[in-house]
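A quick note: this is a predicted structure, and the numbers were derived from the prediction, not measured.
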Amino acid sequence: MEDSKPKSLNFLEEIIQQNLASGQYSQGIFTRFPPEPNGYLHIGHAKSICLNFGLALKFGGKTNLRFDDTNPITEETEYVEAIKKDVSWLGFTWENELYASNYFEQLYQFAVDLIKKSLAYVDDSTAEQIAAQKGTPTSVGTESPYRNRTVDENLTLFKEMRDGIHADGAKVLRAKIDMAHANMHMRDPLMYRIRHVAHHRTGNNWCIYPMYDFAHGQSDSIEGITHSICTLEFDVHRPLYDWFIDKLSIFPTHQYEFARLNLSHTVMSKRKLLQLVNEKIVNGWDDPRMPTISGLRRRGYTAASIRNFCERIGVAKRDNLIDLSLLEFCIREDLNKSADRVMAVLDPVKLVITNYPEDQVEELAIENNPEDPESGSRSVPFSKDLYIERDDFMLDPPKKFFRLGPDLMVRLKGAYIIKCESFDLNEDGSVQTIYATHFPNSKSGSDTSEIHVKGTIHWVSIPHAVEAEIRSFDRLLIVEDASELGDDFMKFINPESIQIIEKAFVERSLRSATVNKAVQFIRKGYYCLDPDASPEKLVFNRTVTLKDTWAKEQNK
RNA sequence: UGACCUAUGGUGUAAAGGUAACACACCAGUUUUUGGUUCUGGUUUUCUAGGUUCGAAUCCUAGUAGGUCAACCA
């Protein structure tokens, strides 16, 4: 297994390898994925999930799923369930399902411990006063008038806070550190606030709730997390993270930061995604245009493709903007190997094979997937009246147009070579019907015609065609880098991010399409059945188009 | 006007003081009963200035640029 050339490691893998090499963590490493249950997971979370679980898998460790549920105002059980589903779907198994709220009593005791060490105090200042006391990044803060209360007084007041004696906002518990510290987070940060609000798990047991900074590190420590991995913006929290661990003398877990994922043409913050949902720009968190895990799943992305994407983008500490084309590459790569090919005509025009017997139907065996010899073939009905794609016919085709036009020849996929003889036009000049003759000896598999054509086009037999709605999606944002937009991003929504074709025609075999089985519409793209579909009405989502060098050529 | 983080092709990520490489994207050709796929080749890179060194993407100093931090959010 060990090659002479070791695969290069990212900076976290290097740290872990060094830890292990020096004999640390002989019990194995422990990581955790710690979402707040206040929204749905997105592709950025997928990066974190793949990182945390992947590191543990790679180095023989374990990973907890821990819900960071310290703010009852924004958190709901609905989100907990959705998050669990998404992590599982991505293919990971957590060691323990845990909640920061499991530790509320323990955290309370930690706070009491710090009060007893004169390292925490109850402050009656208002939010505004506390903000003013903090100073600014370039000027030092000032100490609160309540900073020097006695230990006994603090103990009593903190107990009163817990007991519900005080109103929301009347008092907070603060760590006593240094109001002149260069790091704003060290200027007597809040540890607890009063919130007379029911919590989705602890109900009304508590009316004081720990802040992130007083909950996260201690939760990591309680769980014995060896590598607490988070995104870069928490870098400035690390001194405080370490301070609490140190003053409490508890298991010394360590925090490491990596750069979050940014995707081109995509907004990623939960707040903005929520806004898209609330303002009905999209149809819910699982809209196929959303960068959420549930949206990508509904769009037809496979878990394997997302994992592969996360592997390819790498992990580092500098800001990045990943091009959507890499995500698209990953899903094409996966589906090319696994998706059965079928025929669907999205923008139909009628084609009549004039020399084909009126009522004849041939059942043609067409291979399911040229990339997969095991996939076999299916039977596709062929008849005199067909639909083909409107843009596969041109009245006045350019030189390298390998499709149909007056007097041109083309192969119908899996069937015959045909030659266009004539056509009818509608009043508006558009093509109404195309008439062609077929060469009976050119049948696929037994072609003795010796005719060679450059192009092969897809088709469906009109009498056998099945109607379907097709939903095509495009990027949600018309600008590449959403970080430059701020709250203005709504002005840059792509008005054509969804296109619905109410009445396309797909081949008969698609009657048995299922939600989880991707198909390739030959020459068009990869598609999957939408959960909205019913036996009476098929609905397909376009996951991604095929690469189209012809279109690219046209645009030059 | 502070502290901290970061800087390698168009986009990402490697190279642990010793030939700057891999993937995506792009371009050209090959293959192909999908203008898909495959395969081959190509274009394009170390922020700047000093310093250390036989040798610097890597170490040091200064600068520049970008990011983060002043929620009773996480």
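For A:M184, the side-chain atoms get nearest to B:rA70 when compared with the rest of B:rG35, B:rC24, B:rA70. Distances from the side chain of A:K400 to the nucleotides B:rA14, B:rG35, B:rU37 place B:rG35 closest.
Residue A:K317 places its NZ atom among more than 12 non-hydrogen atoms of other residues, nucleotides or ligands, all under 6.0 Å distant. Other residues, nucleotides and ligands contribute over 12 non-hydrogen atoms within 6.0 Å of the CD atom of A:Q554.
With hydrogens and angles ignored, a donor-acceptor pair under 3.5 angstrom links the side chain of A:R403 to the base of B:rG35. Side chain A:R411 to base B:rU33: a donor-acceptor pair is found below 3.5 Å. Residue A:R318 places a side-chain atom within donor-acceptor reach of the base of B:rU8, judged by atom type and a 3.5 Å distance cut-off alone. In terms of polar N and O atoms assigned as donor or acceptor, the side chain of A:Q520 comes within less than 3.5 Å of the base of B:rU34 in a complementary pairing.
The side chain of A:K552 contributes an N or O atom lying less than 4.0 Å from OP1 or OP2 of B:rC27. Contact annotation: A:S139 does not reach the phosphate of B:rU1 (side-chain N/O to OP1 or OP2, under 4.0 Å).
Judged by the 6.0 Å and 45° rule, A:R201 forms a cation-pi pair with A:Y99.
Remark: the A:N320 side chain and the A:R260 side chain contain no N/O donor-acceptor pair separated by less than 3.5 Å.
Within 4.0 Å of A:R187, counting heavy atoms only, lies no atom of the nucleic acid at all. Among the atoms of the strands shown, none is found under 4.0 Å from any heavy atom of A:V453.
Helical stems of RNA chain B (runs of at least 3 Watson-Crick or G-U pairs, donor-acceptor distances under 3.5 Å) are listed by first residue: B:2-7 with B:64-69, B:10-13 with B:21-24, B:26-29 with B:39-42, B:47-51 with B:59-63.
In terms of position on RNA chain B, the residue among A:R312 and A:E371 whose nearest nucleotide sits closer to the 5' end is A:R312.
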Pairwise N/O distances under 3.5 Å, protein to nucleotides 72-74 of chain B:
residue: B:rC72; atom: N4; partner: A:S125; partner atom: O; Å: 3.3
residue: B:rC72; atom: N4; partner: A:A127; partner atom: N; Å: 3.3
residue: B:rC72; atom: N4; partner: A:G169; partner atom: O; Å: 3.0
residue: B:rC73; atom: OP1; partner: A:R195; partner atom: NH1; Å: 3.3
residue: B:rC73; atom: OP1; partner: A:R195; partner atom: NH2; Å: 3.3
residue: B:rC73; atom: OP2; partner: A:R193; partner atom: NE; Å: 3.3
residue: B:rC73; atom: OP2; partner: A:R193; partner atom: NH2; Å: 2.9
residue: B:rC73; atom: OP2; partner: A:R195; partner atom: NH1; Å: 3.2
residue: B:rC73; atom: OP2; partner: A:R195; partner atom: NH2; Å: 2.2
residue: B:rC73; atom: O3'; partner: A:R193; partner atom: NH2; Å: 3.1
residue: B:rC73; atom: O2'; partner: A:N71; partner atom: ND2; Å: 3.0
residue: B:rA74; atom: OP1; partner: A:T70; partner atom: OG1; Å: 2.7
residue: B:rA74; atom: OP1; partner: A:R193; partner atom: NH1; Å: 3.3
residue: B:rA74; atom: OP1; partner: A:R193; partner atom: NH2; Å: 2.9
residue: B:rA74; atom: OP2; partner: A:Y212; partner atom: N; Å: 2.9
residue: B:rA74; atom: O4'; partner: A:E36; partner atom: OE1; Å: 3.4
residue: B:rA74; atom: O3'; partner: A:D68; partner atom: OD2; Å: 3.3
residue: B:rA74; atom: N6; partner: A:H237; partner atom: NE2; Å: 3.2

